[in-house]
J.: 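I'd like to ask you about the structure that follows.
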Amino acid sequence: GYLTSGSYVVGYYAANGDKKCTETLPASSGALNSSCDFLSPAASGTWHAVAFDPGITAPVTYGAIDTDDHRVISDDNFIVQSGAILPEVPSVIATILIGMATLGVFYWFSKSKSRRRGGRLI
């Protein structure tokens, strides 16, 4: 139902009301297609996706939105469940790398010990 001649501003607000992402999207097909990445840790709960008229700056918090002043087109909410939140990728990668390094050191020491005793493990 959006005008196909314009672009709209969309702001995503977390359950605590903080803005997590803003995009300016064309509505060439009459719909807005978003591809916002949420890189900061997400909080479970009710989030809001708010579409504003073109040229509007999305407020920093959801509570600061004034429907008239910010010319809100739509305010849709969606629920983020805690089970859908993945751990941060760097933490997972670091854990895997530390485990692999530990195995590598263990293997190196066991081979080194074997060589010093004439190739036999005692």
Side-chain angles (χ1 to χ4, degrees):
Y2 294 98
L3 297 175
T4 58
S5 62
S7 292
Y8 295 87
V9 175
V10 178
Y12 292 91
Y13 296 88
N16 65 2
D18 291 342
K19 180 174 64 175
K20 294 295 182 180
C21 182
T22 304
E23 290 183 306
T24 300
L25 303 168
S28 55
S29 66
L32 299 176
N33 295 309
S34 177
S35 61
C36 229
D37 289 329
F38 301 101
L39 299 177
S40 60
S44 59
T46 302
W47 283 52
H48 293 269
V50 182
F52 303 95
D53 267 345
I56 295 294
T57 301
V60 177
T61 62
Y62 182 74
I65 297 173
D66 181 292
T67 307
D68 294 328
D69 288 346
H70 293 107
R71 298 190 315 237
V72 173
I73 305 279
S74 67
D75 181 355
D76 296 319
N77 60 26
F78 56 97
I79 296 174
V80 175
Q81 297 177 349
S82 59
I85 301 170
L86 298 174
E88 291 185 41
V89 174
S91 301
V92 173
I93 291 173
T95 303
I96 292 169
L97 290 176
I98 290 170
M100 291 173 64
T102 303
L103 288 173
V105 169
F106 174 77
Y107 179 75
W108 182 75
F109 275 119
S110 68
K111 294 283 281 183
S112 175
K113 182 179 177 183
S114 174
R115 274 188 243 127
R116 281 184 277 163
R117 297 204 174 150
R120 293 179 295 165
L121 291 174
I122 297 175

J.: Between the main-chain N or O of Val50 and the side-chain N or O of Tyr62, is there a donor-acceptor pair closer than 3.5 Å?
T.: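 Checked: no pair found.
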J.: Using side chain to side chain donor-acceptor pair (under 3.5 Å) as the criterion, list what pairs up with Ser34, not counting sequence neighbours.
T.: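 Residues passing side chain to side chain donor-acceptor pair (under 3.5 Å) with Ser34: Tyr12, Glu23.
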J.: Any chain of hydrophobic side-chain contacts (each under 4.5 Å) joining Val72 to Val10?
T.: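 No, because Val72 and Val10 fall into different hydrophobic clusters, even though each may have its own neighbours under 4.5 Å.
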J.: Applying a strict under-4.5 Å side-chain criterion to I, L, V, M, F, W and Y, I'd like to know whether Tyr8 and Phe78 cluster together.
T.: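 The answer is yes; both residues are in one hydrophobic cluster.
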J.: Consider side chain to side chain donor-acceptor pair (under 3.5 Å). Of Asp75, Asn77, Asp76, which one does His48 pass it with?
T.: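 Of the listed residues Asp75, Asn77, Asp76, the side chain to side chain donor-acceptor pair (under 3.5 Å) partner of His48 is Asp75.
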J.: Shared ILVMFWY cluster between Phe106 and Ile96, side chains joined below 4.5 angstrom?
T.: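 Different hydrophobic clusters.
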J.: So, for Tyr13 and Ala58, which heavy atoms are closest and what is the spacing to 0.1 Å?
T.: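 Here Tyr13 and Ala58 meet closest at OH-CB, 3.6 Å.
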J.: Give the minimum heavy-atom separation between Ser7 and Pro26, together with the two atoms involved.
T.: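 Residues Ser7 and Pro26, closest heavy atoms: OG-CA, 3.6 Å.
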J.: CG/Leu97 to OG1/Thr102 distance, rounded to the nearest 0.5 angstrom?
T.: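 Taking CG in Leu97 and OG1 in Thr102, the distance rounds to 10.5 Å.
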J.: Do Asp18 and Thr61 have side-chain heavy atoms sitting under 4.5 Å apart?
T.: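 Side-chain contact under 4.5 Å: yes.
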J.: Is there a path of hydrophobic side-chain contacts, each under 4.5 Å between heavy atoms of I/L/V/M/F/W/Y residues, joining Trp47 to Leu25?
T.: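 Same cluster.
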J.: CD1 of Ile56 to OG1 of Thr24: how many Å apart, nearest 0.5 Å?
T.: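 Atom-to-atom, Ile56:CD1 and Thr24:OG1 are 11.0 Å apart.
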J.: Tell me every residue that passes salt bridge (Lys or Arg N to Asp or Glu O under 4.0 Å) with Asp53, counting only those two or more places apart in sequence or in another chain.
T.: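 Testing Asp53 for salt bridge (Lys or Arg N to Asp or Glu O under 4.0 Å), a comparison that skips the adjacent residues, returns Arg71.
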